[in-house]
There are 2 protein chains.
Amino acid sequence: MDSEDLMKLDQQFCFAVYACAREITKLYHPLLKDLGITYTQYITLLALWEKDRVTVKELGGRLYLDSGTLTPLLKKLEASGYVTRTRDPEDERNVLIELTEEGRALKLKACDIPAKLFEQAGASVEEILAVREQMTSLLHKIHIKNGREEN
Amino acid sequence: MDSEDLMKLDQQFCFAVYACAREITKLYHPLLKDLGITYTQYITLLALWEKDRVTVKELGGRLYLDSGTLTPLLKKLEASGYVTRTRDPEDERNVLIELTEEGRALKLKACDIPAKLFEQAGASVEEILAVREQMTSLLHKIHIKNGREEN
DNA sequence: TACAATTCAATTGTATAAAATTTAAATGGC
DNA sequence: GCCATTTAAATTTTATACAATTGAATTGTA
């Protein structure tokens, strides 16, 4: 492939992923609107439903987001009554995020979302699973690259 | 797979794509900073280097972005001297986007970026190409779904 | 030809993202 | 125990994204 072809939009791996991510988010929108949460809030709650009483740091590590994004988002979830934010008495630098009863209850209202999305995706389960494996593998590799300054 | 597993963060196809898209953008950052442009501006210029003198609508169709995102972005590219924005005399509703000489010249400075990124990706070319095909296919399918209100 | 419907870009309002800086708290030598 | 270093969260700044609305221009049609 010559340099001219490499510059074409349709040849860009990054663009396929970038545009796809945005379209997927839009696909979630009507379902999440019923619950009164945004996509990033949904992803954050998924992480908390698995394990809460975690620091912003740990949550950010799992979501690949930093405090600049999470702090305002968690304050919104707190204002909505789904989580609490309390300074860890053991180490006042840490803020512990915990689900409230309403936060836990929301999981039941959201539990059919993954199945609904799978159904809407318009692709076979096998295909989706295979691509997910590769995306996850690539995500880890790139995250490590981004973690180092050089290169 | 039971409903509990379907709710796990690592099982979410959407999250793999969403997080990967953000990490890829970060990977581009140091390269694009040298050129003084952002990732979305780079993608927009890729589209224009292929074909310019297009309306905001057409450009948005190729980039999967609407005027709410493109209008301020194109104004920045205009302020940087890379594009011009002129109302189409034939149909005053349309705004035509054209590259300036500097905008065209920037392509030469950017032409080694795709190769550099391929190198950094840490995955085989075959793997990247295969996943890109599937992401692109899925992108088209979901875009059509998002275009229709029902479903 | 009026004029309702449509189309396009811009605007408004809300919510992310991420780099860079700041502030407060804790830690590790000495 | 003092203080430089480190760490965590918050804040600041800049740049997307997108839904919804607005306003101007065009089109279809009676």
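Throughout, a chain's letter reflects where its sequence line sits, starting with A, and its residues are numbered from 1. Reckoned from all heavy atoms, side chains included, excluding hydrogens, waters and symmetry mates.
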**Report entry** Residue met sooner reading DNA chain C from 5', once A/Gln41 and A/Asp91 are mapped to nucleotides
**Finding:** A/Gln41

Query raised in the report: Any luck finding a side-chain donor-acceptor pair between A/Arg132 and B/Gln12 under 3.5 Å?
Result: no

**Report entry** Pairing of B/Arg87 and B/Glu92 as salt bridge, 4.0 angstrom limit
**Finding:**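 No salt bridge links B/Arg87 with B/Glu92.
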
Report task. In plain terms, say whether A/Asp10 and A/Lys8 are close enough for a salt bridge, that is, a side-chain N and a carboxylate O under 4.0 Å apart. Result -> no

Query raised in the report: In Å and rounded to the nearest 0.5 Å, what is the OH to OH distance from B/Tyr28 to A/Tyr18?
Result: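 It comes to 12.0 Å.
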
Query raised in the report: Taking for each residue the nucleotide of DNA chain D bearing the nearest heavy atom, is the 5' side occupied by A/Asn94 or by B/Tyr39?
Result: A/Asn94

Using whole Å, what does the distance between atom [atom2] of nucleotide [N] and atom [atom1] of [X] come to?
{"X": "A/Leu32", "N": "C/dT16", "atom1": "CG", "atom2": "C1'", "answer": "14 Å"}
{"X": "B/His29", "N": "C/dA18", "atom1": "NE2", "atom2": "C1'", "answer": "8 Å"}
{"X": "A/Tyr18", "N": "C/dT16", "atom1": "OH", "atom2": "P", "answer": "17 Å"}
{"X": "B/Arg93", "N": "D/dG23", "atom1": "CZ", "atom2": "C1'", "answer": "13 Å"}
{"X": "A/Lys26", "N": "D/dA20", "atom1": "NZ", "atom2": "P", "answer": "12 Å"}
{"X": "A/Glu92", "N": "C/dA26", "atom1": "CD", "atom2": "P", "answer": "6 Å"}
{"X": "A/Asp88", "N": "C/dA24", "atom1": "CG", "atom2": "P", "answer": "19 Å"}
{"X": "A/Glu78", "N": "D/dA9", "atom1": "CD", "atom2": "P", "answer": "14 Å"}

Requested in this report: For atom NZ of A/Lys57, decide whether the heavy atoms of other residues, nucleotides or ligands shown that lie under 6.0 angstrom number more than 12.
Outcome: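 It does not: A/Lys57 NZ has 12 such atoms or fewer within range.
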
Requested in this report: Could you tell me whether B/Arg53 atom CZ has more than 12 heavy atoms of other residues or ligands within 6.0 Å of it?
Outcome: no

Requested in this report: Output the single nucleotide from D/dT7, C/dT6, D/dT16 whose closest atom is nearest the side chain of B/Thr38.
Outcome: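 The closest nucleotide is D/dT16.
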
Query - G-U wobble or Watson-Crick pairing nucleotide for D/dA30 (cut-off 3.5 Å, both distances) - result: C/dT1

Query - Residues within residues 51-76 of chain B bordering DNA chain D, heavy-atom distance below 4.0 Å - result: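 DNA chain D contact set from residues 51-76 of chain B: B/Tyr64, B/Leu65, B/Asp66, B/Gly68, B/Thr69, B/Leu73, B/Lys76.
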
Can you see if the side chain of [X] gets near the phosphate of [N] - specifically, an N or O under 4.0 Å from OP1 or OP2?
{"X": "B/Arg22", "N": "C/dA18", "value": "yes"}
{"X": "A/Thr40", "N": "C/dA17", "value": "yes"}
{"X": "A/Arg85", "N": "D/dA10", "value": "yes"}

**Report entry** With sequence neighbours excluded, residues passing ring-ring contact (aromatic ring centres under 6.0 Å, His included) with B/Phe13
**Finding:** none

